[in-house]
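Computed from a prediction, not measured in an experiment: that's the story for all the values here. Protein chains get the first letters and strands the later ones, always in sequence-line order, with residue 1 at the start of each.
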Number of protein chains: 2
Amino acid sequence: MNLDDAAARLEALGNPTRLRIYRILVRAGAEGLSVGRLQAKIDIAASTLSHHLKSLVVVGLVTQTRGGTTLVCHANYDIMRDLLGYMVEECCAEGSCAPIELPKVA
Amino acid sequence: MNLDDAAARLEALGNPTRLRIYRILVRAGAEGLSVGRLQAKIDIAASTLSHHLKSLVVVGLVTQTRGGTTLVCHANYDIMRDLLGYMVEECCAEGSCAPIELPKVA
DNA sequence: TTTCTATTTCTATATTTCCGGAAATACCGT
DNA sequence: ACGGTATTTCCGGAAATATAGAAATAGAAA
């Protein structure tokens, strides 16, 4: 991941509403969550939610799959892992920033 | 760290210029880098750099210490570690997002 | 105090973001 | 095709951000 992509992804997560959305999607697990259910959880206008979701989709942090009439959103773990990897490698002094008790990738 | 603080810090890093600044400061190590030397490295107007630095200082990612007439900037590893910790704990599914080969805190 | 350098604040402008109502579109069941 | 639900696009206003020149401030040194 290059610096500009990393910055774009950090910017996408750097809004409380969007960070909340992403966090909810992570907790929703592999089956994801429809836009409608998401909206019910966070109580913002549908159009606003759509805008935020688009921001997350554009940078690859969220993917959407259509299931009939509903769009299901999923957190993209690969992108998040790469983003965290970038930050650790490029923006940390040797070991000084490693999160404590970090689970290893199996 | 709560969600709003995390979002504010991600937003601060979510700008290519600021991410570059932070990256340079990390690489500068413990002795840090003066605003002047920083400016020489990235070639933007002094006032613009000052604004970006302020954004990073406000959220705690950068600290400044005065050494005579020059202000020396330091990356704050503690805040970065906490931020990465937040992301791993709150925004990752168990293990799915752990960066590969992450160094442990001694 | 005067002067020099370093950095910030002031001021201004252009651009972008955030928000949500209204309208449009997409898809499904009948 | 029609009706209903889900979601997005369009639009615009308010607020925030990015950028930088000019002026102001802080500190050191003479």
Return the nearest nucleotide to the side chain of B/Ser50; candidates are D/dG27, D/dT8, C/dT9.
-> C/dT9
What integer distance in Å separates A/Ile42:CD1 from D/dT7:C1'?
-> 14 Å
Please enumerate all protein N or O atoms sitting under 3.5 Å from an N or O of nucleotides 16-20 of chain D, with distances to 0.1 Å.
| from | atom 1 | to | atom 2 | distance (Å) |
| --- | --- | --- | --- | --- |
| D/dA18 | OP1 | B/Asn15 | ND2 | 3.2 |
| D/dA18 | OP1 | B/Arg18 | NH1 | 3.3 |
| D/dA18 | OP1 | B/Arg18 | NH2 | 3.4 |
| D/dA18 | OP2 | B/Arg18 | NH1 | 3.2 |
| D/dT19 | OP2 | B/His52 | NE2 | 2.8 |
| D/dA20 | OP2 | B/Thr48 | OG1 | 3.3 |
| D/dA20 | N7 | B/Ser47 | OG | 3.1 |
| D/dA20 | N6 | B/His51 | NE2 | 3.3 |

Rounded to whole Å, the CZ-P distance (B/Arg66 to D/dA26) equals 9 Å
Toward the 5' end of DNA chain C, which comes first, B/Gln39 or A/Gly67, by nearest nucleotide?
-> B/Gln39
Identify the heavy atoms of B/Ala12 and B/Val59 that sit nearest to each other, and give their distance.
-> CB-CG2, 3.8 Å
Only one of A/Leu19, A/Leu84, A/Ile24 clears side chain to side chain contact (heavy atoms under 4.5 Å, CB included) with B/Cys91; which?
-> A/Leu19
Using whole Å, report how far NZ of A/Lys54 lies from P of C/dC19.
-> 16 Å
For the pair made of CG in B/Leu56 and P in C/dT7, what is the distance, rounded to whole Å?
-> 16 Å
Identify the heavy atoms of A/Ala30 and A/Tyr77 that sit nearest to each other, and give their distance.
-> N-OH, 4.5 Å
B/Arg37 atom CZ: more than 12 heavy-atom contacts under 6.0 Å | no
Quick one: are B/Arg81 and B/Asp78 in side-chain contact, heavy atoms under 4.5 Å?
-> yes
From B/Leu71, B/Val58, B/Leu38, residue fulfilling side chain to side chain contact (heavy atoms under 4.5 Å, CB included) relative to B/Leu53 | B/Leu38
Check the distance between C/dT7's C1' and B/Ile21's CD1 and give it to me in whole angstrom.
-> 14 Å
Check whether any side-chain heavy atom of A/Cys92 sits under 4.5 Å from a side-chain heavy atom of A/Met87, and report yes or no.
-> no
Considering the terminal five base pairs at each end of the helix from C/dT1-D/dA30 to C/dT30-D/dA1, what angle separates the two local helix axes, rounded to 10°?
-> 20°
Euclidean distance, atom CG of residue A/Leu33 to atom P of D/dT7 [Å, nearest integer] | 10 Å
Checking A/Ile21, A/Leu33, A/Leu49 against A/Gln39 for side chain to side chain contact (heavy atoms under 4.5 Å, CB included), the one that qualifies is A/Leu49
Taking C/dT7, D/dT8, D/dA6 as options, the one with an atom nearest any side-chain atom of B/Ser34 is C/dT7
Pairs touching residues 46-73 of chain A that satisfy side chain to side chain donor-acceptor pair (under 3.5 Å), sequence neighbours left out = A/Arg18-A/His52, A/Thr65-A/His74
